[in-house]
Amino acid sequence: MHRTIQRLERDAGGAWLARLDCGHVRHVTQRGEHPGRQGEREGDEAIGSRIECAACGERRWPEHARPYKRTSEFDAISVPAGLLARHTTKRGVWARIHVLAGRLRYRIHEPFELEEIIEPGQPGVVLPEVPHEVEPIGDVRFFVEFHRVP
């Protein structure tokens with residue numbers, strides 16, 4: 001899954017690290033992705049470019065993501081129509097879907113197809129800008145908690 005480089009910095013060994021808009025950090029060492037080959041100024045040109053984020057492809061939660069907002073509780077009747085239809089979170093916004101009772105079907109549409117059933121104690125992970133939707137399965141109660149990396 002491709003993400004945008006927001007900032008570049010060096011690690012303790014001097015290798016380049018790219019801070020991505022999804023909140024993940026990755027070394028930038030592959031041919032054509034090494035922004036610092038010709039000095040610090042060359043690295044500035046890489047900011048804003050898009051590179052592959054394997055952590056997003058694995059749906060790995062960013063280490064420094066912090067909650068900033070949460071919805072009210074929804075049930076099968078009160079769930080907003082927008083959550084039932086294909087929608088996305090904003091750039092850099094992750095979410096956890098917390099089911100309190102019952103079951104909820106969660107579908108991701110792209111860049112890969114995924115369908116899972118979310119139950120109490122097993123939050124669903126929503127990646128930034130990835131189209132998805134939910135579908136209540138019978139009686140369900142749930143809320144969504146939004147996170148971002150400072």
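Keep in mind that this is a model prediction, so the values were computed, not measured.
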In a check of salt bridge (charged side-chain N to carboxylate O under 4.0 Å, His left out) between Arg105 and each of Glu135, Glu119, Glu133, which one passes?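 Result: among Glu135, Glu119, Glu133, Glu135 is the only option passing the salt bridge (charged side-chain N to carboxylate O under 4.0 Å, His left out) with Arg105.
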Nearest heavy atoms of [X] and [Y], plus distance in Å:
X	Y	value
Trp94	Leu127	CZ3-CG, 3.8 Å
Gly138	Ala76	O-CB, 3.6 Å
Phe143	Ser72	CB-O, 3.6 Å
Gly57	Met1	N-CB, 4.4 Å

Any heavy-atom pair between the side chains of [Y] and [X] that's under 4.5 Å?
X	Y	value
Arg148	Lys90	no
Pro128	Arg3	yes
Asp75	Asp139	no
Pro120	Val99	yes

Run Arg107 and Glu115 through salt bridge (charged side-chain N to carboxylate O under 4.0 Å, His left out) and show every step you take. CA-CA 4 Å; Arg107 289 186 195 96; Glu115 183 175 303; 3.0 Å; yes
Tell me, please, which residues at least two apart from Arg96 pass side-chain hydrogen bond (donor to acceptor under 3.5 Å, both in side chains).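 Expected list: none.
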side-chain hydrogen bond (donor to acceptor under 3.5 Å, both in side chains) partners of Arg103, counting only residues at least two apart: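 Partners of Arg103 by the side-chain hydrogen bond (donor to acceptor under 3.5 Å, both in side chains) criterion come out as none, since no residue qualifies.
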Do side-chain atoms of Thr4 reach the backbone of Asp21 as a donor and acceptor pair under 3.5 angstrom?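 Side chain of Thr4 to backbone of Asp21: no pair is present.
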Would you say His24's side chain and Arg60's backbone share a donor-acceptor pair under 3.5 angstrom?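 At least one qualifying donor-acceptor pair exists.
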Given the ring of Trp16, does Arg10 sit roughly above its face, with NZ or CZ under 6.0 Å from the centre of the six-membered ring and within 45° of the axis?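 Pair Arg10/Trp16 counts as cation-pi.
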Using a distance-only test with no angle check, is there a side-chain donor-acceptor pair under 3.5 angstrom linking His87 and His132?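 A donor-acceptor contact under 3.5 Å links the two side chains.
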